[in-house]
There are 4 protein chains.
Amino acid sequence: MQPAHSFASDNNAPVHPAVLEAITAANAGHVRAYGDDPWTRAMEERFRAHFGPGARAFPVFNGTGANVTGLSALLRPYEAVICAEHAHASVDECGAPERFLGSKLLLVRTDDGKLKPADVVAQLRGLRDQHHVQPKVVSITQSTEVGTVYAPDELAALAHCTREHGLFLHVDGARIANAAASLSVPLRAITTDVGVDVLSFGGTKNGALAAEAVVFLRPGLGEEFQFLRKQGMQLASKMRFVSAQLARLLEDDLWLSNAAHANSMARRLAERVRGIPGVELAHPVQANGVFARIPRACVAPLQASSYFYVWDEAGPVVRWMCSYDTRAEDVDAFAGALRALAQGSSAASAAR
Amino acid sequence: MQPAHSFASDNNAPVHPAVLEAITAANAGHVRAYGDDPWTRAMEERFRAHFGPGARAFPVFNGTGANVTGLSALLRPYEAVICAEHAHASVDECGAPERFLGSKLLLVRTDDGKLKPADVVAQLRGLRDQHHVQPKVVSITQSTEVGTVYAPDELAALAHCTREHGLFLHVDGARIANAAASLSVPLRAITTDVGVDVLSFGGTKNGALAAEAVVFLRPGLGEEFQFLRKQGMQLASKMRFVSAQLARLLEDDLWLSNAAHANSMARRLAERVRGIPGVELAHPVQANGVFARIPRACVAPLQASSYFYVWDEAGPVVRWMCSYDTRAEDVDAFAGALRALAQGSSAASAAR
Amino acid sequence: MQPAHSFASDNNAPVHPAVLEAITAANAGHVRAYGDDPWTRAMEERFRAHFGPGARAFPVFNGTGANVTGLSALLRPYEAVICAEHAHASVDECGAPERFLGSKLLLVRTDDGKLKPADVVAQLRGLRDQHHVQPKVVSITQSTEVGTVYAPDELAALAHCTREHGLFLHVDGARIANAAASLSVPLRAITTDVGVDVLSFGGTKNGALAAEAVVFLRPGLGEEFQFLRKQGMQLASKMRFVSAQLARLLEDDLWLSNAAHANSMARRLAERVRGIPGVELAHPVQANGVFARIPRACVAPLQASSYFYVWDEAGPVVRWMCSYDTRAEDVDAFAGALRALAQGSSAASAAR
Amino acid sequence: MQPAHSFASDNNAPVHPAVLEAITAANAGHVRAYGDDPWTRAMEERFRAHFGPGARAFPVFNGTGANVTGLSALLRPYEAVICAEHAHASVDECGAPERFLGSKLLLVRTDDGKLKPADVVAQLRGLRDQHHVQPKVVSITQSTEVGTVYAPDELAALAHCTREHGLFLHVDGARIANAAASLSVPLRAITTDVGVDVLSFGGTKNGALAAEAVVFLRPGLGEEFQFLRKQGMQLASKMRFVSAQLARLLEDDLWLSNAAHANSMARRLAERVRGIPGVELAHPVQANGVFARIPRACVAPLQASSYFYVWDEAGPVVRWMCSYDTRAEDVDAFAGALRALAQGSSAASAAR
């Protein structure tokens, strides 16, 4: 039996009630399919409000679809994507980028999940050499796969670097809301305003049922995206229901309150596990994920009480994700369970 | 302003209230993402109940995704798909099959949208010749793109032909419910029982929000499908909500009542337009679509009152689709509007 | 035992002695690989001499490679190629275009193997409709797969049509030499001068060992082609030897004498079989192929004496190809053998 | 002006005279195209003689074509290739594997260019997890990109590991001849006999004009390879000329004398540069390549006298390749030039 609120994944959470209400409200009569409907127009308007008047948002079904189709607008197959070694697009999408794009991902090792301009420059090898793929896009994840957040100036430096070298800057924003909430800035402050070209805007982890968007921020991009989305099998027939979810998240700053709550629960969890013997944070807790080294003996018993994933068997480092509906009592109970296990384990160790 | 119930597309209809209730009911607490949840297991069980104990159903987002990923389980890129010239996979999926499969579609001209065994045999050219793609799958649409329905014996004959030649039989069942309702047979009578290998089961046009399934019916197929689905960008993270839609359609025969109603409205529409001057059916009305030749002068004014698509500019032949929520009064008003326009047009003609 | 000179294929012929001499002459010392060598520069110069100063030629290994990589410079995967139903790219390349391009080929039925502007226009459906592939390239074969030749004004009309509609005009010129020889015009008169954008220049059937070229004729095209060629597995390491073959064909008009001879042998064959009972030409003999309906009973015995391919089992229509080394006596002997068989067959028929 | 014999690449060498004679000898009369010819049958027989009676060899044009089409026989797109970070397939094929296979390459860091079983095992993550690509092939290069050679027992250990885990073992043998010569073993001792499944057999660097082969060694593999080769644009029409090259290399052990000579020249070069100030070998010299750290100031002047490539700017490490036609006097002159430059550079340093 799963507990009501686990720390396994922000995808394990249900749909936010307000989003479900928005879906229900959209369920009225016939409208044209495939995006020619009032809900989609309203959604587009919400994106312009948040990301600037030039932003063009296209709803898709899931994060893989958003990343892959968004990248396909920026790349020809002999061009390559520079991304972090742990990028979702590289390790969690079952090779969808390679298959759909035909392109290579150039992987960069990072300590904190974040690419730096020097990492990008180091990949600029073999330029104009016909034997080598040609780097064309830098794709970063915000907030990152290890729960860290790029600051606006870090993003601006990356964008400067990419433009200088004729590259595009793509952001996998499956958790962009958590990043903006963490930084206490508007969404555009870490996207449009710093020079991001294309964004995968994540709705699902933020409380939607299944709703992401590819958002083109640089003028002139995305002209042909409707075809790439369709060919990428990401065009919803009853699109109003996807649009309504996205529009709702962007209304009354629901995206922000959801993300801010998840982030605060992650911080609470980090605080609650501080000082537990054998437990230490593997990365700064800047968004809604907590990555911690914990005693190996605690992993299985803690999973048994409330499931979560091991991020790195070496360590081991575990991953705990908080979501918009995580409750303080869930956090406290979970941290308490770990403390009890760790102390038992520590005592057992000492007794040996 | 669109009328509440148009005849443009069964995709223009809203979500059936019972399906929306099922989504709402699934919105309870945390469950594991990506299909390891009770709703998905229940959905799988519903598919086995309808399609036989060997049926394995995998939810996906849309019809293109169902067709393309389902076909990918059957084909290597040098192998080809035999399908009708007007097959959705060929003309309405923006080349997604070619892009994702890398395979050629071998197109067959048909009068009624239906492939016959002789059509299949005629495509079996260049076998074992390294210069030629190798036919491997016959893909048919049930009910067809022109509103006709394959009878069980027609399907059995096709299945016999495909097995005899070492091919697979794939069914694009975006409107499989309408076909079964039309024939007054269970779903398995036109799939599992007649030798269909893989089915794209359509939920969206039948009243779902966004829910289709790839259903493997031949034992041994689909073992690796989970990877193809993910790589095909069709894996829902909060899968319970897709599963719940499909399960609901297959419960209490909601699929059947929805389809039967849509079919009956199509028959009513066919009857109501019978005898209108210059109007004649282009295809038998066997499912939920009516294809009719109408006076060219009537097209635009009728579209203005209630939008629909022109299927073939030559003719012109227009397409009117009925859905689970089409009302008799919608049909009668629409037919009445056409009658008035046609009589006016006919009178104008006569007066010239 | 194969006869020294069969009519099965112009690919069955050996390498022209002068081409082999050119290869041998290039076999001198070390030069840089992959095209940075004097032979390649000389070859490029020969192409400019024949096709105009803006022509950019890139050697590749074979015709499929030339067609597919050349098209890849013109297309994104959601864009489509309009071509004749019997186009080599569609029926003889085992789906390489679909696999490498990810694009759909839109097939046009033709009587004579030649596309007309009206055929192109008829394919311009679903423009800007996200459900449909977007036609982008018209690809024709010159001379065609059935031995006919586009006249310069036919090409100009096609080029006018393609430019008018924002399409590219691509020519599969596996037998472009035979077309130019047939028309008694320079190569540029049926390519650069009439508005062809990209050409697959065929060397192998014209006497080379293995040498084709992708030739970009429209300024601005092909800037990135070096990457497409490499990614398309068509970059020769010891490129000097491919370049030397192409340069030699374009020197002293060897291409022309080879093609003119092959054409004249085809005309001779057509004349020699004229009047044989039950034999009639299926297409005008304008290049180096003869397509003829012959009595079914003659096919196997004639193949036994000198192998050739049946082009269309219905008919049957057979294909006889002449090459640069076909001898008049081969033609006469072959025609004589057919005459004898046909008269025997006719006598047998009459006797029944 | 390039010297007659540079150390830039074994691809810069001309065609071995005996291979050119074999091409010339094959230039006799008409034979069937595409491999149905006596030269191809003779070549197949030579491969069986060298690799065992179950070996099935398919000629292709180049090394990229051999690697990519050979791998395509072993993989579905969601399956991955484990290879060394510097593998030719990863860094020198402009993304052809990703584009044609749709598959991900999983890169392993190595010191000496060689994968070990532990490296393979470390990549076996996410097995049966739908989010992750599934490792299916281990691809190694023999001799490696840095001039090292896998010993038979190292290969046997890798093959044992791959079979144990249900993987295939693929060898990029662009320089397989150099490896066998280095080890003084027959070709089958480092392929068939140790459990290699598929081999890219390299002819071009060993003295051919353009000839490689995909060789299936494990029974049951390659049944469908003819289609993959054609779809991969690697099917030569006048195949006899490719086959004749391969057959000649495998006759009278020409492959061996060519490779042994190149290897011995590399060893001589390594000896001649030993003790030059600031020069040290970066890798053991086991085949025909010498990788050395040299004073940065020497690079440009030495390249000016005889061009070669810098392998790693850090160092810098340079690459010198010997070929079948490298002469002892070339080696000695080149080493002498470096010695003079290095001593000058060293003296200049000392004087500062």
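In what follows, every chain begins at residue 1, and chains take the letters A, B, ... in the order their sequences are listed. Basis for what follows: all heavy atoms, side chains included, without hydrogens, waters or symmetry-related copies.
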Cross-chain donor-acceptor list, chain D x chain A, under 3.5 angstrom:
| unit_1 | atom_1 | unit_2 | atom_2 | d |
| --- | --- | --- | --- | --- |
| S90(D) | O | K104(A) | NZ | 3.4 |
| S90(D) | OG | K104(A) | NZ | 3.1 |
| V91(D) | O | H132(A) | NE2 | 3.3 |
| D92(D) | OD1 | H132(A) | NE2 | 3.2 |
| E93(D) | N | H131(A) | O | 3.4 |
| C94(D) | N | H131(A) | O | 2.8 |
| E98(D) | OE2 | K104(A) | NZ | 2.6 |
| R99(D) | N | G102(A) | O | 3.4 |
| G102(D) | O | R99(A) | N | 3.4 |
| K104(D) | NZ | S90(A) | O | 3.4 |
| K104(D) | NZ | S90(A) | OG | 3.1 |
| K104(D) | NZ | E98(A) | OE2 | 2.6 |
| H131(D) | O | E93(A) | N | 3.4 |
| H131(D) | O | C94(A) | N | 2.8 |
| H132(D) | NE2 | V91(A) | O | 3.3 |
| H132(D) | NE2 | D92(A) | OD1 | 3.2 |

Residues in ring-ring contact (aromatic ring centres under 6.0 Å, His included) contact with F100(D), at least two apart in sequence or another chain: none

Proximity breakdown for L105(D) and chain A, heavy-atom pairs closer than 4.5 Å: side chain

Using ring-ring contact (aromatic ring centres under 6.0 Å, His included) as the criterion, list what pairs up with F168(D), not counting sequence neighbours. none

